[in-house]
Amino acid sequence: KFGLGSCLDQDYPQPIWEAIEKEDLDYFVFLGDNVYGDLPSGSLRKMVSAYKKQKNNFPKWMEDVKILPIWDDHDYGLNDAGSEYPLKRQSQEIYLNFWGIPLDDDRHNRDGIYFSEEKIIQGKVFKLIFLDTRFFRSNLKGPKGKYVENLDPDATILGSSQWNWLENELKDEFDFLIMFSSIQIIAKDHPYEKWSNFPLEQQRLFSLIDKYKNNVLLVSGDRHRGGLYQLTSASGKNIVEMTSSSLNLSFTNDEEAGPLRVGPTFVQENYGEMLLDKMTSKLTVNLKDNQGNIIQSVDL
């Protein structure tokens, strides 16, 4: 079992861990905004103390769960920031130290916190891809909260080195591809951060997925609302995305446009769960509320 979650403020109560403990997880994927350590000035002065406080917030049982983290803007260092953020390398060092990433890991020796894992579970090979949507990302277009498409052919989310790495990773042999992105990949029409703000990058990703693999799950955070999204690729493949957000920082807001969304979104606290049924070889993904009740579910 994999747990999924994002948007965890160190200064707010975290009762959701009581429900998550009952899942008896093997892994937990932190999808970004794992602390709120950013300041409007971009200073990292608050980041170290935010991580320290968050470490004390984590329940003791999490010591027995393998943590797989990526970051988003609030644990990157500046709200909605990308490659222009001047302290990104210092922030990466703080991040890697907090999560205890071994010194011989590639993430200590290159820009960006992207990485991959391969798991063999019940005879099935799972390729897990963890993307960095911050370090290399070009500037957003439009005012904050009203972003529009950036159609500049040189604009990027992943940057050339991460794209090359990703293409090589997808050439491996595996049964299931699960890709984790801090910002939503499929969602469109809302005015906030998302892959579709960079349509050429989004289409490049879909084309790459379409080229290599059939069984694909996308997982994202960031939005302070959970939901399920589905896209039919150019070749007719079904691509599913589960957004899990937030763990303890919900906002009351209206439903948003979502032509590729399956059902309504859920704005209260939530977490995600991935599990493989060894009897049917189905990968099941659930979105659950803070009591452990299923809100959305999909089988692959």
### Message
Could you work out, with side-chain contact (heavy atoms from CB on, under 4.5 Å) as the rule, every residue matching S235, not counting sequence neighbours?
### Response
D210, S233, K237
### Contact list for residues 171-180, test salt bridge (charged side-chain N to carboxylate O under 4.0 Å, His left out), sequence neighbours left out
K127-D172
### Query
Excluding sequence neighbours, so at least two apart, what forms salt bridge (Lys or Arg N to Asp or Glu O under 4.0 Å) with K144?
D80
#### Entry: Those residues that, when tested against K188, pass side-chain contact (heavy atoms from CB on, under 4.5 Å) (two or more places apart)
S196, P259, L260
### Message
Per the salt bridge (charged side-chain N to carboxylate O under 4.0 Å, His left out) rule, what does the pair list look like for residues 39-53, sequence neighbours excluded?
### Response
D11-K53
### Query
Think R89 forms a cation-pi with Y85, using NZ or CZ under 6.0 Å from the six-ring centre and within 45 degrees of its axis?
no
### Ion pair R223/E256, N-O distance below 4.0 Å
yes
### Query
side-chain contact (heavy atoms from CB on, under 4.5 Å) with A19: which residues, sequence neighbours excluded?
Y271
### Task
For N253, enumerate each residue passing the side-chain contact (heavy atoms from CB on, under 4.5 Å) test, keeping only those at least two apart in sequence or located in another chain.
R225, F251, V267
### Query
What pairs of residues pass the salt bridge (charged side-chain N to carboxylate O under 4.0 Å, His left out) test when at least one of them lies in residues 20-41, not counting sequence neighbours?
K1-E23, E23-K288
## Note on the structure
Sequence neighbours excluded, the answer for salt bridge (Lys or Arg N to Asp or Glu O under 4.0 Å) partners of E18 is none
### Heavy-atom side-chain proximity of Q184 to E241 below 4.5 angstrom
yes
### Query
Which pairs pass ring pair (Phe, Tyr, Trp, His ring centres under 6.0 Å) with one or both residues in residues 30-53, sequence neighbours excluded?
F28-F30, F30-F58, F30-W99, Y36-H74, Y51-F98
## Note on the structure
Sequence neighbours excluded, the answer for ring pair (Phe, Tyr, Trp, His ring centres under 6.0 Å) partners of W71 is Y76, Y95
### Query
Is the closest basic N to carboxylate O distance between R204 and E167 below 4.0 Å?
yes
## Note on the structure
With sequence neighbours left out, the residues meeting ring pair (Phe, Tyr, Trp, His ring centres under 6.0 Å) with F115 are F130
### Query
In this structure, which one of N215, V29, L217 forms a side chain to side chain contact (heavy atoms under 4.5 Å, CB included) with I178?
L217
### Query
If two hydrophobic side chains count as joined below 4.5 Å and joins carry through other members, does L249 share a cluster with I20?
no
### Query
Are any non-hydrogen side-chain atoms of I183 and R134 less than 4.5 angstrom apart?
yes
